[in-house]
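Step one of this worksheet: look at the structure below.
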Amino acid sequence: MQTVLNAVKTHNFSAGPGILPADVLKQAAEACINFDNLNLSLLEISHRSKNFEAVMDESRELVKELLGLGSGWQVLYLGGGASLQFAMVPYNLLRTDGFAAYVNTGVWASKAIKEAKLIGDTRVIASSEDKKFTFVPKGYEIPADADYLHITSNNTIYGTQMKSFPTSPVPVVCDMSSDIFSREVNGNDFGLIYAGAQKNMGPAGSTMVAVREDLLGKTGRKMLSMLDYQVHIKGGSMYNTPPVFPIYVTMLTLRWLKANGGVKWIEGINNAKAAAMYAEIDRNSLFTGTTAVEDRSHMNATFVMTKPELEPEFDKMWKAAGISGIRGHRDVGGYRASLYNALPLESVQVLVEAMKEFEAKFA
Ligand SMILES: *Cc1c(COP(=O)(O)O)cnc(C)c1O
């Protein structure tokens, strides 16, 4: 196992599921064979065993700790991806006689809006759709009588990111799927935070939801059990069998983050990776960025080629350099380098070198 993992030298820029720390993968692999020295796999024991309950407790606690959440917060790990949260958020927070305010910053925000509209009165108060989501709207007014404001902190597909969060008179719900734990935020400024695990905190299959408990139970709606946060809270995030393996690997990843110095530590590295990446995009005559400079994402750097006919040549070069996963999203084209927490600065340097070599050869 050791030698196999050490032999992997691929620079993984995948947009999601994304790269995980090598050490986490090794521990996860071991737990599939022999978990906690039980001579049983993690995959074949009861989720109600004390060994798994410890995993659930720790993975919930680590979220609270890393987001700096105070009392009154609950952390859940649910199935259904971040996409199910597009529906669960309005179902649990949007009153039958109220309305919700949404900011539309891209594909994911648009999907969240689509679901919310099916549940209740949903108003889009700001949008960057008219400019193909290449910037983040700012300076919009948030209605003080809305049930909540929904925002998306990082626009994974178009490569924009909110550099600061709006001061809001109503609880802020934030989809942090692609930049959670990548930079310091004050979790207490929000009312609900959710994130599909597979971008920056673990494997696909579980979604983290952190919610202020006092916001719940006020919609006037009869609630289906599986879609009711209060039911999951009461069940200790085990109302039904939770996705045990993704939760375990998420716990390992959060442990890794904490042990190395936490969010502050990774933010420094993420800033260095983004600086190196964008410096080369701006310097290199064959590439250009696709978003407003002040809104550039530190997690997903999008760029296109000034001579698109050369794309096949560049593709050969980065593949030869051991790079994987920088092809752009099908909606945007070009390239996207995802710089998630577990991606080392060294990988960015390898990509920058490939871009330089490419320019030297073809410019
Ligand atoms: C990937 C992503 C989603 C969708 O996540 P699923 O777990 O596939 O449902 C939602 N929001 C954002 C910001 C994402 O990056």
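Residues: numbered from 1 along the sequence shown. In what follows, every heavy atom counts, from backbone to side chain, and hydrogens, waters and symmetry copies are set aside.
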SB check [X] [Y] (cutoff 4.0 Å):
X	Y	answer
E267	K264	no
E30	K26	yes
K218	D147	no
K361	E313	no

Under 3.5 Å, is there a donor-acceptor pair between the [X] and [Y] side chains?
X	Y	result
H150	D175	no
S153	D179	yes
N154	S178	yes
T302	T290	yes
Y158	N300	no
S182	N341	no

Under a 4.5 Å cut-off applied to non-hydrogen side-chain atoms, are [X] and [Y] in contact?
X	Y	value
L67	V185	yes
R336	T156	yes
E58	R255	yes
Q85	L78	yes
P169	I142	yes
M223	Q230	no
M88	E115	no
Y77	P242	no

Is it the case that atom [atom1] in [X] sees more than 12 heavy atoms from other parts of the structure closer than 6.0 Å?
X	atom1	result
K131	NZ	no
N37	CG	no
K258	NZ	no
E141	CD	no
K138	NZ	yes

What about [X] and [Y], same hydrophobic cluster or not, with Ile/Leu/Val/Met/Phe/Trp/Tyr joined at side-chain heavy-atom distances under 4.5 Å?
X	Y	value
V89	F86	yes
M162	I157	no
Y335	M317	yes
L40	V244	yes
L224	Y239	no

Is the F52-H47 ring centre distance short of 6.0 angstrom?
-> no
[X] side chain to [Y] main-chain N or O, any donor-acceptor pair under 3.5 Å?
X	Y	result
K273	Y340	yes
Y91	D228	no
N155	T160	no
S347	N12	no
R48	M238	yes
E359	N284	no
T207	G81	yes
E184	V263	no
D214	G72	no
R212	G191	no

For Y194 against A82, the heavy-atom pair lying closest together = CE1-O, 3.9 Å
Minimal heavy-atom distance between P243 and P246, with the atoms involved, is O-CD, 3.3 Å
[X] side, atom [atom1]; [Y] side, atom [atom2] - distance, nearest 0.5 Å:
X	Y	atom1	atom2	result
W265	I269	CH2	CD1	4.5 Å
F287	M305	CZ	CE	4.0 Å
E311	L286	CD	CG	11.5 Å
H232	N92	NE2	CG	8.5 Å

Mind running side-chain contact (heavy atoms from CB on, under 4.5 Å) on H11 and L351 for me, showing each step along the way?
-> CA-CA 9 Å; H11 301 285; L351 174 55; over 6 Å; no
side-chain contact (heavy atoms from CB on, under 4.5 Å) between N260 and W256, intermediate numbers included = CA-CA 6 Å; N260 281 292; W256 164 85; 3.4 Å; yes
Test side-chain contact (heavy atoms from CB on, under 4.5 Å) on L339 and F13 and set out the steps.
-> CA-CA 6 Å; L339 314 173; F13 290 85; 4.0 Å; yes
After noting the C-alpha distance and the side-chain angles of L216 and L93, does the key distance pass the side-chain contact (heavy atoms from CB on, under 4.5 Å) rule?
-> CA-CA 7 Å; L216 300 175; L93 299 183; 3.9 Å; yes
Have a look at F314 and tell me which of F362, F303, F358 forms a ring-ring contact (aromatic ring centres under 6.0 Å, His included) with it.
-> F358
